[in-house]
Amino acid sequence: MLLKPTFNLSPYILKTLISTKTPSFILTCSSCRFRSLKPLNPIPQHFYTTAAAANRHHQLQMSAKAEKRARRESPAGKLLSLLCRCSRDNNLEEALRLYDDALINNVPLDVEHYNKLLYLCSSSNSDLGLKKGFDIYKQMENGNSDNKVIPNEATFTTMARLAAAKEDPETAFDLVKRMKEGCGISPKLRSYVPSLLGFCKKGMADEAYEVDCYMVENGVAAEEDELAMLLRVSFESSRTDKVYEMLQRLRASVRQVSEGTAELIEDWFRSDGAMGVGVVDWDVGRVREAVVKGGGGWHGQGWFGKGRWKVTRTEMDETGVCKSCGEKLVCVDIDPLETENFAKSLSTLACQRETRADFLQFQEWLQKHGPFDAVVDGANVGHITQNYFVFNQLKSAVNSTRRLSPSNRLPLVILHSGRVKGLHIGSPKNKTALQYWKESGALYVTPQGSNDDWYWLYAAISSKCLLVTNDEMRDHLFQLLGTSFFPRWKEKHHVRLSVTRDGLQFHMPPPYSVVIQESEQGSWHIPTVTGDDFETCRQWVCANRTKQ
């Protein structure tokens with residue numbers, strides 16, 4: 001006969017008891033009758049609580065999966081999946097057929113369905129897409145009270161694109177204003193582009209400036225493409241004051257321009273409008289004061305001189321002298337307070353991305369051993385020309401960097417913990433070098449799981465010193481910094497390396513700023529992105545005219 005316990009336990013608890021310890025009670029049988037059983041060691045109450053919590057968690061997980069599966073298999077879920085496929089295949093006709101069927105069969109549509117449909121309409125570049133896009137948007141607005149669909153930023157932006165494609169920038173701009181003022185949704189830069197582009201194409205300069213002003217008021221910064229649009233419409237509408245403003249804004253935010261923007265700037269300086277603009281007499285003292293106040297490299301006082309501009313493509317020599325006009329470029333100052341504030345922002349961001357205790361420990365170490373004259377990105381320097389880490393290459397770079405120091409001080413070497421172990425070290429001489437750096441307070445080993453980039457960048461910025469690395473600092477991590485300060489700092493402090501027959505060659509920061517510069521005499525030098533490395537000379541646009 002099978003034995004049965006006289007009290008109930010869940011299968012989960014029975015399994016746990018059997019697998020973890022010998023049962024603390026004994027089942028006895030006499031004449032096939034059971035006696036009352038008592039556990040020798042009662043099961044703690046928290047055991048039941050833990051098991052119940054685990055069971056509830058499991059049930060919630062199963063419930064969430066079931067709900068997700070139900071949504072996916074519902075008519076609305078199946079429709080969304082099919083619309084995603086249409087979007088991937090750029091198949092507007094099939095998407096419209098699915099949409100019509102959904103309306104006939106009363107399939108509930110949400111904002112995702114509508115956004116997929118509107119996107120396909122806007123990207124089709126067809127009359128059908130334009131017409132159906134506005135019809136679909138109207139249906140979305142007029143949805144019944146039981147299924148009210150609220151548009152989001154993507155909805156308004158797509159509709160603005162449709163309006164611009166219909167050559168109706170006014171409607172595109174109205175949609176953006178409605179998004180902000182009517183729905184409380186903050187437009188992104190992409191939301192403004194359709195109306196701005198539409199007005200610029202039509203030569204409607206004042207309306208384009210209105211869009212630009214609305215962007216500024218709402219904290220959205222125009223980038224090179226948008227500033228180039230405004231520059232072109234200003235040029236073509238003979239708004240010379242606005243041309244000047246857009247060049248200054250390009251200087252402040254873009255610094256180096258693309259080839260298309262460079263050609264547009266050249267066209268302006270060669271035009272009759274540029275030839276006739278400017279003053280002959282200007283207040284030299286006032287201009288010099290403005291240059292100093294602005295940190296050098298520009299004054300913002302307007303066009304100087306009269307007559308035709310001489311426009312050439314040129315290069316700078318090693319000292320920053322223009323090979324075309326002979327004018328020397330300046331090194332634009334960086335406000336020390338700006339550097340300090342940026343270091344604080346970088347620290348905050350690093351503590352969010354890294355283990356906070358680890359990074360705070362590094363800051364304390366830096367306070368004790370710093371500041372340094374230079375920081376070396378150890379992992380990058382050890383990989384300059386190879387796919388594997390070469391410690392001797394790092395040693396050579398450290399020794400060469402030390403010679404750059406006015407006090408002959410060792411640079412700070414940042415290395416990940418994985419680089420100071422085993423095969424990476426190699427010979428006993430390398431271990432001796434590591435020990436020497438460590439004892440000299442010139443080596444910091446970052447912990448397992450950390451990102452070295454935060455450490456060497458913070459060390460270089462807080463020490464206001466040179467940074468030796470071939471990392472161009474263009475990836476996602478550096479985009480997080482989201483400030484115009486970083487490229488300006490990098491230009492003055494970034495040292496790059498190349499390997500020659502004679503060993504490592506250092507490429508020092510230029511003694512001038514690679515940024516659009518306006519001189520006290522009114523000439524302009526505009527750097528392009530062409531030659532943005534140490535192997536190719538950078539191309540500049542030089543525009544100048546002699547004082548009459």
Side-chain angles (χ1 to χ4, degrees), residues 169 195-216 221-284 286-291 293-294 297-314 322 324-325 327 515-528 540-548:
S195 55
L196 183 64
L197 177 60
F199 286 131
C200 288
K201 279 186 174 181
K202 287 189 169 187
M204 302 169 68
D206 289 332
E207 289 79 1
Y209 301 146
E210 184 184 355
V211 176
D212 178 48
C213 184
Y214 195 77
M215 290 169 60
V216 173
E223 297 179 356
E224 181 177 358
D225 288 345
E226 294 72 46
L227 291 173
M229 291 180 205
L230 291 163
L231 177 62
R232 183 179 294 279
V233 78
S234 301
F235 170 18
E236 293 174 348
S237 59
S238 300
R239 297 288 295 272
T240 59
D241 57 330
K242 284 292 186 177
V243 172
Y244 186 82
E245 177 189 331
M246 297 311 154
L247 281 176
Q248 293 290 1
R249 288 173 66 180
L250 282 167
R251 174 197 60 77
S253 61
V254 179
R255 297 175 65 80
Q256 303 104 37
V257 302
S258 65
E259 184 61 27
T261 305
E263 291 174 357
L264 174 59
I265 293 171
E266 288 174 318
D267 290 343
W268 153 253
F269 280 113
R270 292 188 177 113
S271 70
D272 292 338
M275 180 178 67
V277 67
V279 297
V280 176
D281 297 313
W282 57 87
D283 188 333
V284 175
R286 182 180 176 184
V287 170
R288 188 160 297 150
E289 182 182 347
V291 169
K293 185 177 180 181
W298 70 286
H299 52 74
Q301 302 298 299
W303 303 109
F304 291 167
K306 289 286 186 180
R308 190 165 294 280
W309 295 80
K310 179 184 177 183
V311 185
T312 56
R313 286 291 180 103
T314 186
C322 176
S324 175
C325 70
E327 195 165 85
V515 61
I516 297 173
Q517 296 202 18
E518 175 193 33
S519 76
E520 295 180 32
Q521 290 72 43
S523 63
W524 287 78
H525 290 89
I526 299 95
T528 72
W540 291 70
V541 175
C542 170
N544 68 92
R545 55 188 176 187
T546 57
K547 186 177 180 181
Q548 302 294 319

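Bear in mind that the values here come from a model prediction, so they are computed numbers and not experimental data.
- Separating the CG atom in Leu230 from the CZ atom in Arg239 is a distance of 11.0 Å, to the nearest 0.5 Å.
- The shortest distance between side-chain heavy atoms of Glu210 and Asp206 does not fall below 4.5 Å.
- Asp212 has no carboxylate O lying under 4.0 Å from a charged side-chain N of Lys242, or vice versa, which leaves the two without a salt bridge.
- The aromatic rings of Trp524 and Tyr244 lie perpendicular to each other, with more than 60° between the two planes, well past the 30° mark.
- Separating the OG atom in Ser519 from the CG atom in Asn544 is a distance of 8.5 Å, to the nearest 0.5 Å.
- Between Ser324 and Thr312, the shortest heavy-atom distance links the atoms OG-OG1, 2.9 Å.
- Residues Leu264 and Ala228 come closest through the heavy atom pair CD2-O, 3.5 Å.
- Other residues, nucleotides and ligands contribute more than 12 heavy atoms inside 6.0 Å of the CZ atom of Arg270.
- Side-chain contact between Pro169 and Glu207 is absent, with no heavy-atom pair separated by less than 4.5 Å.
- Contact of the Trp298 side chain with the Val291 side chain is not registered, since no non-hydrogen atoms from C-beta on lie closer than 4.5 Å.
- The backbone N or O of Val287 sits nowhere less than 3.5 Å from a side-chain atom of Trp282 that would complete a donor-acceptor pair.
- Of all heavy-atom pairs spanning Phe235 and Asp267, the tightest one is CZ-O, 3.7 Å.
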side-chain contact (heavy atoms from CB on, under 4.5 Å) assessment of Ile516 paired with Val257: CA-CA 9 Å; Ile516 297 173; Val257 302; 4.2 Å; yes

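- Taking both residues in full, the closest heavy atoms of Tyr209 and Ser237 are given as OH-OG, 4.4 Å, listed atom of the first, atom of the second, then distance.
- Put simply, CD on Glu327 and CD on Gln517 are 9.0 Å apart, with the number rounded to the nearest 0.5 Å.
- One finds the CD atom of Glu224 at 10.5 Å from the CG atom of Leu231 (value rounded to the nearest 0.5 Å).
- A salt bridge does not link Arg286 to Glu289: none of the charged nitrogens lies less than 4.0 Å from a carboxylate oxygen.
- Annotation: the span from Leu250 atom CG to Glu223 atom CD amounts to 12.0 Å, rounded to 0.5 Å.
- A side chain to side chain donor-acceptor pair (under 3.5 Å) with Glu518 holds for exactly one of His525, Gln248, Arg251; it is Gln248.
- The two residues Val541 and Ala262 come nearest to each other via the heavy atoms CG2-CB, 4.2 Å.
- Ile265 pairs with exactly one of Leu247, Val311, Thr528 by the side-chain contact (heavy atoms from CB on, under 4.5 Å) rule, that one being Leu247.
- The distance from atom NZ of Lys306 to atom CZ of Arg545, rounded to the nearest 0.5 Å, is 7.5 Å.
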